[in-house]
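Just so it is clear, the model here is predicted, and its values are computed rather than measured.
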Amino acid sequence: MAGRVAAARGLAARAAAGGVRLRPYRRLSHPTRRLVAFAGILGPGLIAATAGNDAGGIATYSSVGARYGFDLLWMMVVITVSLIVVQEMAARMGAVTGKGLAELIREQYGVRWSLFATTSVLIANVGICISEFVGIGAALGLAGIPRELSVPVAAVGVWLLLMRGSYKAAERIFVLMTIPFFAYPIAAILARPDWSQVGSAVVDPKIHTSHAYLFLFIATAGTTITPFMQLYVQSAVVERGVGPDELNEERTEVVAGSIFANVVASFVIIATGATLYVNHERHISTAAEAAKALEPFAGRYAEALFGVGLLGASLLAAAILPVTAAYVIAETFGFEKGISHRFREAPVFTGTITILIAIGTVVALIPGIPVIPLLIGVQVVNGALLPILLVFIWRLASNTELMGGYRNGRTFNVIAFLTVAATSALSCLLLVITLSGLVG
């Protein structure tokens, strides 16, 4: 932040010397100045947390609302706290060490552990990348655009953004891509929910013991705290050039981004809970159905808003997922990395991005692909793989030799441990139930 402020002052001085009149920053009203200052720090934290509300996330939240109404809203409060803690640790490590997570794992725990963590994350990343292009096709399909046209065009657009732009330009576009997420709160309001029931569900947990409830519970955790989010935010903080002196500003951005993302997720649950659940539409089989089913109960505008939100979510994550995978591979093996680099400068980094976009595009065009089961299944895989990454984040952020005075405090360590333990327990429970069902 200090560097950006200094740059702004330098620009003003040069403009004044050249006879160019700029509107002085101090003439703006106090609320406007605060808003401008806050907008200036938006970046990795907001992008990573919002990208977690991707096509799979929207499908999962929609299924939660349709199946159980508002009953899982209490979980969003708990997960928000855990998300803030995990994102803050990743951002702090990036600012203090100047290295990405995969690189730190390789240096501190060796190549074998680095390969193990990288392989686990890549399994989930490939699945999610596919789901994003499926979501793009489903969202534009609501407007009558065939996925055979929309998916390839979107893929080319994402590829050009990542291959031909600079990091700063890409970051600005990523931030702008969060605007469509405001469609979900509006759709929830149009659904006219009973806000007293919403409030009650937040503070009064209702827990079910069915397999379906546990499945969606883990899927919700998996899509809200996703492995790629932590990998991206740490590497992006490094590429952005954030240092220890700017850590407070980055913390503010991480907290704001995490809260915004989970408030949006909660509104998705509220919108479907107030319409589909109340009217006994409990099962969603396609991504388009999640939006179309809102129309009879909340009007055609709710359907359109839901579709806009799904498109924005899918496009943002479709750009972030390949970049994250490229960061991980480059950091694990020590290759050159960075969005600003061209193919000749970073062939492995740019090649990974190209391959993932191609895989996502091709698989998304397969006829008859089961959209919602695929999307939710991917999130469950994330929930099972998440503990692997969280253990590394937790241990590295607590390392005194690595982090010095910026290591985890007691409070962060307790919350991080509880997050790892709870997620691991849920993943084991789902595995036991699934295996029992297969044997039965």
Side-chain angles (χ1 to χ4, degrees), residues 47-48 50-59 122 125-181 183 228 232 235-236 239 287-288 307-330 336-369 371 374-375 378:
I47 294 167
T50 309
N53 289 342
D54 57 356
I58 300 305
L122 286 177
N125 272 26
V126 170
I128 303 175
C129 194
I130 293 170
S131 75
E132 307 317 330
F133 286 100
V134 171
I136 290 171
L140 290 176
L142 295 172
I145 302 174
R147 65 178 180 176
E148 290 79 10
L149 174 62
S150 62
V151 172
V153 170
V156 171
V158 170
W159 185 84
L160 288 174
L161 169 64
L162 299 176
M163 293 294 103
R164 294 291 181 263
S166 65
Y167 173 78
K168 289 184 178 180
E171 184 181 78
R172 292 191 189 101
I173 294 176
F174 292 158
V175 171
L176 290 175
M177 283 182 177
T178 65
I179 294 176
F181 286 90
F228 80 80
Y232 174 80
S235 295
E239 186 165 359
V308 168
L310 177 60
L311 177 61
S314 301
L315 284 171
L316 176 60
I320 298 301
L321 260 298
V323 172
T324 304
Y327 276 138
V328 170
I329 292 178
E336 193 67 43
K337 62 177 182 177
I339 295 177
S340 300
H341 292 310
R342 298 295 180 260
F343 180 79
R344 291 182 179 179
E345 301 167 324
V348 173
F349 184 85
T350 55
T352 300
I353 291 174
T354 302
I355 291 172
L356 257 71
I357 291 176
I359 292 175
T361 303
V362 171
V363 176
L365 293 175
I366 297 176
I369 186 170
V371 181
L374 170 66
L375 299 181
V378 166

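Across every non-hydrogen atom of Thr50 and Phe181, the tightest pair is CG2-CE1, 3.2 Å. Heavy atoms only, all atoms of each residue included: Ala51 and Phe228 are closest at O-CZ, 3.6 Å. Phe349 approaches Gly338 most closely through the heavy-atom pair CE2-O, 3.3 Å. The heavy-atom pair separating Ser150 from Ile145 by the smallest distance is CB-CG2, 3.9 Å. Taking all atoms of both residues into account, the shortest heavy-atom contact from Pro367 to Arg147 is CA-NH2, 3.0 Å.
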I'd like a table of donor-acceptor pairs (distance under 3.5 Å, sequence neighbours excluded) in which one partner is a side-chain atom from residues 312-327, with atom names and distances.
unit_1: Ser314; atom_1: OG; unit_2: Leu310; atom_2: O; d: 2.8
unit_1: Thr324; atom_1: OG1; unit_2: Ile320; atom_2: O; d: 2.9
unit_1: Tyr327; atom_1: OH; unit_2: Glu239; atom_2: OE1; d: 2.3

Expected list for residues 354-362: side-chain donor-acceptor pairs under 3.5 angstrom, two or more places apart:
unit_1: Thr354; atom_1: OG1; unit_2: Trp159; atom_2: NE1; d: 2.9
unit_1: Thr354; atom_1: OG1; unit_2: Thr350; atom_2: O; d: 3.0
unit_1: Thr361; atom_1: OG1; unit_2: Ile357; atom_2: O; d: 2.7

> Going through the distances and angles, do Leu176 and Ile179 end up as a side-chain contact (heavy atoms from CB on, under 4.5 Å)?
Replying inline: CA-CA 6 Å; Leu176 290 175; Ile179 294 176; 4.0 Å; yes

>> Evaluate Val158 against Leu161 for side-chain contact (heavy atoms from CB on, under 4.5 Å), listing each step before the verdict.
In response: CA-CA 5 Å; Val158 170; Leu161 169 64; 5.7 Å; no

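Between His341 and Lys337 the shortest side-chain heavy-atom distance does not fall below 4.5 Å. By the 4.5 Å heavy-atom criterion applied to side chains, Leu122 and Ile329 are counted as neighbours.
Panel note: side chain Arg342, backbone Pro347; no donor-acceptor pair is recorded below 3.5 Å. Checked by atom type and distance alone, the side chain of Glu132 never pairs as donor or acceptor with a backbone atom of Cys129 at under 3.5 Å.
In this structure, Lys168 NZ and Ile339 CD1 are separated by 13.5 Å, a value rounded to the nearest 0.5 Å.
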